[in-house]
Amino acid sequence: MVLHTLELLKKEVPLEEESLCIPEDIKTGLVLVDIINGFCTIGSGNLAPRETNIQISEMIDESVKLSRVFCEKKWPVLAFLDTHQPGKLEHPYPSHCLAGSHESNLVPALEWLEKEPNVTIRRKDCYDGYIGSIQEDGSNAFADWVKTNNIQLLLVAGICTDICVLDFVCSTLSARNRGLLAPLEDVVVYSHGCATFDFPESATRGIKDALPHPQEIMHHMGLYMAKGRGAKIAKDVAFGALKK
């Protein structure tokens with residue numbers, strides 16, 4: 001049933017992806033959204049996968065590859081980590097990724113990022129990393145990161161495609177359109193570097209406020225909605241020579 005629905009969805013709302021080749025002279029930043037244990041490591045909390053998930057595993061592998069290249073080039077990387085205070089829930093989701101817990105930390109494959117000088121770690125307590133970057137004095141840590149590094153192209157990977165990734169991308173595009181993120185020009189979402197969770201309709205029965213969340217369908221819709229807001233969707237990423 002889900003496979004048939006996915007095929008129909010892709011026919012009715014097709015998503016055209018492109019190949020991305022990043023020129024060496026375009027200031028590019030990488031944003032990793034919530035690639036943490038609480039969303040990616042089996043058994044690590046209420047919202048973690050219960051078993052191996054191919055889409056999530058691929059997302060981690062691709063994010064590691066990108067991170068290695070960016071760090072070798074000393075290009076800026078910003079990693080958002082979902083981190084909540086006890087008692088402050090995000091309806092309709094159960095308690096997750098509490099501050100100080102293993103859940104709110106980077107997955108093992110990316111822990112090395114914390115020691116890299118070109119990497120900025122930003123903990124956030126909401127879906128949207130842009131909103132989660134607002135500081136007490138009204139400034140925005142993400143916007144400052146973009147401006148300080150003169151980022152022209154932003155490459156985004158992470159989880160969940162249709163929730164935290166999408167919310168961040170939409171806010172970033174709105175801010176760019178209002179001239180708040182100069183010199184940022186393009187926001188690119190890497191499809192294979194993103195993933196979402198799988199929660200079929202059968203699993204929601206008897207759970208109050210639970211919503212069905214078929215993984216492949218919601219992943220597709222997250223990418224589709226991001227493109228509809230003005231993002232580019234990349235099916236592969238390469239690094240090239242200087243832009244002519």
Side-chain angles (χ1 to χ4, degrees), residues 22 27-49 53 56-86 88 90 95-136 139-151 153-161 163-165 167-169 172 188-190 192-197 237 239:
I22 303 175
K27 294 288 187 178
T28 304
L30 173 65
V31 170
L32 304 174
V33 180
D34 294 341
I35 310 179
I36 57 178
N37 294 307
F39 297 144
C40 304
T41 302
I42 296 173
S44 295
N46 290 322
L47 299 184
N53 184 282
I56 293 176
S57 295
E58 180 183 42
M59 177 272 296
I60 294 173
D61 290 344
E62 293 300 313
S63 296
V64 170
K65 292 176 185 177
L66 287 177
S67 297
R68 292 288 184 193
V69 174
F70 271 75
C71 288
E72 287 171 2
K73 295 178 177 293
K74 307 300 181 185
W75 288 0
V77 177
L78 189 152
F80 285 118
L81 311 184
D82 200 52
T83 306
H84 300 277
Q85 296 302 316
K88 292 187 176 181
E90 274 186 318
S95 175
H96 61 278
C97 303
L98 297 182
S101 73
H102 175 68
E103 293 180 36
S104 66
N105 293 333
L106 286 166
V107 297
L110 286 172
E111 287 178 345
W112 58 273
L113 284 176
E114 297 177 359
K115 298 179 180 179
E116 294 295 320
N118 61 305
V119 175
T120 299
I121 303 294
R122 176 71 188 181
R123 293 189 178 274
K124 64 180 180 67
D125 60 356
C126 60
Y127 306 114
D128 187 337
Y130 188 92
I131 299 299
S133 293
I134 297 175
Q135 305 186 95
E136 291 185 2
S139 63
N140 190 292
F142 166 70
D144 291 343
W145 176 78
V146 170
K147 296 171 184 177
T148 298
N149 291 288
N150 295 310
I151 293 172
L153 188 156
L154 193 69
L155 181 60
V156 183
I159 191 169
C160 293
T161 318
I163 306 174
C164 293
V165 172
D167 284 6
F168 167 71
V169 167
T172 297
V188 182
V189 179
Y190 177 35
H192 295 290
C194 291
T196 192
F197 66 93
V237 178
F239 298 84

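On a predicted model such as this, the values are computed, not experimentally measured, just so you know. One is the number of the first residue; the rest follow in order along the sequence.
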Inset, instruction - Let me know which of Leu32, Ile56, Val33 forms a side-chain contact (heavy atoms from CB on, under 4.5 Å) with Ile159. - result: Ile56

Mind checking whether [X] and [Y] have side chains closer than 4.5 Å, heavy atoms only?
| X | Y | value |
| --- | --- | --- |
| Glu62 | Leu66 | no |
| Gln85 | Asp125 | no |
| Trp112 | Cys71 | yes |
| Asn37 | Ser101 | no |
| Val31 | Trp145 | yes |

Inset, instruction - Begin with the C-alpha distance, continue with both residues' side-chain angles, and end with the deciding distance and a verdict on side-chain contact (heavy atoms from CB on, under 4.5 Å) for Phe39 and Val107. - result: CA-CA 9 Å; Phe39 297 144; Val107 297; over 6 Å; no

[X] side-chain N/O to [Y] backbone N/O, donor-acceptor pair under 3.5 Å:
| X | Y | answer |
| --- | --- | --- |
| Lys124 | Tyr127 | yes |
| Arg122 | Gly132 | yes |
| Asn118 | Trp75 | yes |

Separation between [atom1] of [X] and [atom2] of [Y], rounded to the nearest 0.5 Å:
| X | Y | atom1 | atom2 | answer |
| --- | --- | --- | --- | --- |
| Ile60 | Cys40 | CD1 | SG | 4.5 Å |
| Glu103 | Leu81 | CD | CG | 13.0 Å |
| Leu30 | Lys73 | CG | NZ | 13.0 Å |
| Asp61 | His192 | CG | NE2 | 12.5 Å |
| Phe239 | Ile22 | CZ | CD1 | 4.5 Å |
| Ser67 | Leu110 | OG | CG | 5.0 Å |

Where is the tightest heavy-atom contact between [X] and [Y], given as atom of each residue plus distance?
| X | Y | result |
| --- | --- | --- |
| Phe70 | Gly29 | CE2-C, 3.8 Å |
| Gly38 | Cys97 | CA-SG, 4.0 Å |
| Pro108 | Thr41 | CD-OG1, 4.1 Å |
| Tyr130 | Asn140 | O-ND2, 3.0 Å |
| Thr83 | Arg123 | OG1-NH1, 2.9 Å |
| Ser104 | Ile36 | O-CG2, 3.9 Å |

Legend entry - Test log, rule side-chain contact (heavy atoms from CB on, under 4.5 Å), inputs Ile121 and Leu106: CA-CA 10 Å; Ile121 303 294; Leu106 286 166; 4.2 Å; yes

Legend entry - Chi angles and distances behind the side-chain contact (heavy atoms from CB on, under 4.5 Å) call for Phe197, Leu47: CA-CA 8 Å; Phe197 66 93; Leu47 299 184; over 6 Å; no

Inset, instruction - Please report the C-alpha distance between Thr161 and Met59 in whole Å, then the side-chain angles of each, then the deciding distance to 0.1 Å, and finally whether the side-chain contact (heavy atoms from CB on, under 4.5 Å) criterion is met. - result: CA-CA 10 Å; Thr161 318; Met59 177 272 296; over 6 Å; no

